Every structure is written in structure tokens, then in C-alpha cells.
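One structure below.
Everything numeric in this text was worked out from a predicted model, so none of it was measured. Counting starts at 1 for both ligands and their atoms, following the listed order. Only this structure's heavy atoms are used, side chains among them; waters, hydrogens and symmetry mates stay out. Positions are given from 1 along the sequence.
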Amino acid sequence: MRAVRCETHGDPELLMVRDIPEPVAGPGEVVVGVQAASVNYPDVLIVADKYQVSVPTPFTAGSEFAGTVRAVGEDVTGLRIGDAVMGTAFGGAFAEKIAVPASALSPVPEGLDMVQAAAFNVTYRTAYHSLTTFGDVTAGEWVVILGAAGGVGTACIDVATRLGARVIAAVSTPERAQACRDLGAAETIVYRDENLKDRIKEITGGGADVVIDPVGGHYSEQALRAIAWGGRFVVVGFAQGDIPRIPLNLILLKGAILRGFEIRTLAQRLPEVVDRGRSAIATLVAEGMKPHVSEIHGLDEAPKALARVAQRQTTGKVVIDTTR
Ligand SMILES: NC(=O)c1ccc[n+]([C@@H]2O[C@H](COP(=O)([O-])OP(=O)(O)OC[C@H]3O[C@@H](n4cnc5c(N)ncnc54)[C@H](OP(=O)(O)O)[C@@H]3O)[C@@H](O)[C@H]2O)c1
């Protein structure tokens, strides 16, 4: 089968499409025929060996997919050949087939096609839990989303507006700002050209109630300085590359709450919250919530697709369609 292989850590352009043996379903595992797989920023970091966890080469890239069950291993219950499923894995998704533990899969919800399903889980669960479980957002509040035109960012705009919050989308270019307005952002800030702190204060009057930060770098402190008293600041990621050092007096003076969110370990740490979140997210999907997919590429174009994400040239989600 064809698979996108990382044989040398580095830029996405180093990825190669190779023929490798098909996976086999071990005990507790399921083989999925991958129809679509989406690019998440951590895929870029893993290929570059800049992720929190180092993956030795060679490996197949890709962490999120949707497709059809092709084989079921011993001890697997509740899944049958032909079922439409979506799932996440620590590598292996940019390929025609993947073997994963059955627990990594869930049914494709009604209302999402395979491309949308492949683009849904990571960003929407991140958006939902960072806004609600960790950000305690309520209707009418001002929510600032950094990197708002990206995968996590666009999902945050979607979920926050559906929860009745007022979104301020912070992005690098006017074109990206327009994309965020099209998705429902009430206000936008082009942080490349405008002072983030001053503009947040100007728009909100009293400051932001919640900041969702998947970007890091120098924007984090600027956004925190514009948070209202009692505001919540949720650390989601560091797409800019730099992990900021925050003066803690800002937290004291603002009575603010600073929380970190990590999807990888959420189900282990807060299983009941994840269960409740699953049904809340399902309700939003039934009401029409779906990811903003801006580009679909074939498997051979996966290196280019990852490079475009790494270079901030895409909005929303980029999907690899393995059938192309
Ligand atoms: N904590 C978690 O559980 C979790 C889950 C998923 C993702 N994440 C993290 O969240 C971040 C966003 O992920 P994503 O999949 O949404 O990525 P993405 O689609 O590439 O979006 C990232 C956004 O960050 C902005 N950005 C600012 N400086 C950047 C730089 N130097 N390089 C690249 N982008 C830059 C870009 O928007 P502008 O050009 O408009 O600034 C871009 O749209 C990543 O750091 C990822 O690791 C964390």
C-alpha cells in the first residue's frame, strides 16, 4: 500500500510516498481503509522532531483519519467490516490503511462526510474543551482566539459562536481576518499590523473574558495584558515556536485563571468530562456544525500540503484524500 514516510527528520518536503506492507489487525486492533486524513500542526512538528515526544525514523506520518473498517482483530467487539469510522493515532494516518486499537475509533457522525470526519476530532474536541471545560466560557462573553484562521482556531470560532460568545479573531493578514469573519467572528485583529493588547481593550472595553492561545510567542503576554479581571487564559499550543515566559504578577493583578489544555491525555484524566463532551459535541454536529475544510490533496501531494500548513498559507483544515 502507499504511505507517506518520514525517513529523515526535517522539513515536510523530505517526506516520501513509498510502497510498504499492509498492516495486520493484532488482538484488540482494527484495520481501517483510510479514505481521508487531515493535517494537524503537530504532524509538522513530529516530522521536524520538534514535538514533545520524539518519534524515531522511519515512520508513516499523519495522526487523524476517517475510513471504513477492513479487518477486525481478536477481542474486538462493537465494530464490523464495512463500518464508517473516524479516529486518531500517533502516526500512520497518511496511508491507504492503518491498524489502531479499537478504542481509538468512533463512528462517523451523521451529517459529516469522510473528508469532514477526518478533519473533525482533534480540532473540535480541542476547541470544545478548551472553551468550556478549561475556559468556562458563557454566552455573551468576549473570547479572543489567537491563530484564529488555523485548524484549531476556526473550530474555536465555530464552537464559541454556537455557545453564544462574541469572538475576536486574531490573525496575521487581512485575508485571514476575512476568512474568520465569514466563519462568524464578530471582530478581527491583524496582529502583524495592529497592537494586540490595545485593540482587544478597545473592542471589549473592560478586557477579554477568555483567551484561547494555540500560538504562543510574544502574542501570549500581549493577550494576557488585555484580559478582564477574573478572565481565563487557556494555553493550547505554540505554533509560533517560542514558549513564552509570563510575568505572574499579571495573573495576580487580574485575578485571572491560567490553564493548560492537552487533548492527548484528556480521556485518561477526565473520562466523565470527555463522555459529557462527546454528547454535547454530537448535539452541535446534529445542529449543522462541521469543520471548515479549505484544501483537499492526494496522497502524493501530502509533503506539499504539510509545507503549506507549516508556512501559514492555509485556513481551516487541509485534508489528504487517499483515493485521489
Ligand atoms: N493542546 C492540544 O491538545 C492541542 C491540540 C491540537 C493542536 N494543538 C496545537 O495548536 C496549535 C495550532 O494547531 P493547528 O492544527 O490549528 O495549526 P494550524 O492550522 O497550522 O494553525 C496555526 C495558526 O497559528 C498561527 N501562527 C502564528 N505564528 C505561526 C508560525 N510561526 N508558524 C505557524 N503558524 C503560526 C497561524 O495563523 P496566522 O498566520 O494567522 O498567525 C496558523 O493559522 C499547534 O501549536 C498545535 O500543536 C494543541
- Item | Heavy atom of the protein closest to atom 14 (P) of ligand 1 (residue, atom name, distance) | Tyr41 CB, 3.7 Å
- Item | Heavy-atom neighbours of Gln313 CD exceed 12 at 6.0 Å | yes
- Task: Before signing off on this row, confirm whether Ala170 and ligand 1 have an N or O atom pair separated by under 3.5 Å.
- Result: no
- Item | Protein residue, atom and distance nearest to atom 12 (C) of ligand 1, heavy-atom basis | Pro214 CB, 3.9 Å
- Considering the heavy atoms of Ser172, write down every atom of ligand 1 situated less than 4.0 Å from one of them. 38 (P), 39 (O), 40 (O), 41 (O)
- Note on the structure: min-distance protein heavy atom vs atom 43 (O) of ligand 1 -> Arg176 NH2, 2.8 Å
- Query: Hey, is Arg2 close enough to Asp300 for a salt bridge, meaning N to O under 4.0 Å?
  - Reply: yes
- Relative to the ring of His9, is the ring of Phe59 parallel (under 30°), tilted (30 to 60°) or perpendicular (over 60°)? tilted
- Which of the numbered atoms in ligand 1 are below 4.0 angstrom from a heavy atom of Glu262? 1 (N), 3 (O)
- Message: Looking at Arg278 and Asp275, is there a salt bridge between them, counting it only when a charged N and a carboxylate O are closer than 4.0 Å?
- Response: yes
- Task: Determine, for Glu295 against Arg308, whether the closest basic-nitrogen to carboxylate-oxygen distance falls under 4.0 angstrom.
- Result: yes
- Message: Are any of the N/O atoms on Arg312, whether in the backbone or the side chain, positioned under 3.5 angstrom from an N/O atom of ligand 1?
- Response: yes
- Quick one: does Ala239 get an N or O within less than 3.5 Å of an N or O on ligand 1? yes
- Message: Using a 4.0 Å cut-off to any heavy atom of Gly150, which atoms of ligand 1 qualify?
- Response: 19 (O), 21 (O), 43 (O)
- Query: Any nitrogen or oxygen of Val236, main chain or side chain, under 3.5 Å from a nitrogen or oxygen of ligand 1?
  - Reply: yes
- Item | Closest non-hydrogen atom pair, Ile281 against Tyr124 | CD1-O, 4.4 Å
- Which atoms of ligand 1 sit under 4.0 Å from any heavy atom of Val171? 40 (O)
- Short N or O distance, Thr314 and ligand 1, threshold 3.5 Å exclusive: no
- Query: Hey, does Gly151 come in under 3.5 Å of ligand 1, counting only N/O atoms on both sides?
  - Reply: yes
- Partner residues of Asp209 under the side chain to side chain donor-acceptor pair (under 3.5 Å) criterion, sequence neighbours left out: none
- Message: So if I count the atoms of ligand 1 from 1 in the order they appear, which ones are less than 4.0 Å from some heavy atom of Thr126?
- Response: 5 (C), 6 (C)
- With sequence neighbours left out, what residues match Asp49 under salt bridge (Lys or Arg N to Asp or Glu O under 4.0 Å)? none
- Item | Pairing of Glu7 and Arg18 as salt bridge, 4.0 angstrom limit | yes
- Closest approach of any protein heavy atom to atom 16 (O) of ligand 1, naming residue and atom: Val152 N, 2.7 Å
- Phe238 heavy atoms within 4.0 Å reach ligand 1 at atoms 45 (O)
- Mind checking whether Tyr191 has an N or O less than 3.5 Å away from an N or O of ligand 1? yes
- Task: Answer with yes or no whether Tyr51 contacts ligand 1, where contact means a heavy atom under 4.0 Å from a ligand atom.
- Result: no
- Query: If every non-hydrogen atom of Val4 is compared with every non-hydrogen atom of Ala302, which pair is closest and at what distance?
  - Reply: CG2-CB, 3.7 Å
- Task: Kindly give the heavy-atom pair with the smallest separation between Glu29 and Val24, and that separation in Å.
- Result: OE1-O, 3.7 Å
- Message: Just to check, does Pro42 reach to within less than 4.0 Å of ligand 1 when the distance is taken from its heavy atoms?
- Response: yes
- Query: Is Ile263 in polar range of ligand 1, meaning some N or O pair under 3.5 Å apart?
  - Reply: yes
- Message: Looking at every non-hydrogen atom in both residues, tell me the closest pair between Ser63 and Asn40 and how far apart they are.
- Response: OG-ND2, 3.9 Å
- Task: Report, in ascending order of atom number, the atoms of ligand 1 lying under 4.0 Å from any heavy atom of Val215.
- Result: 24 (O), 25 (C), 27 (C)
- Task: Classify the angle between the aromatic ring planes of Phe90 and Tyr51 as parallel (below 30°), tilted (30 to 60°) or perpendicular (above 60°).
- Result: tilted
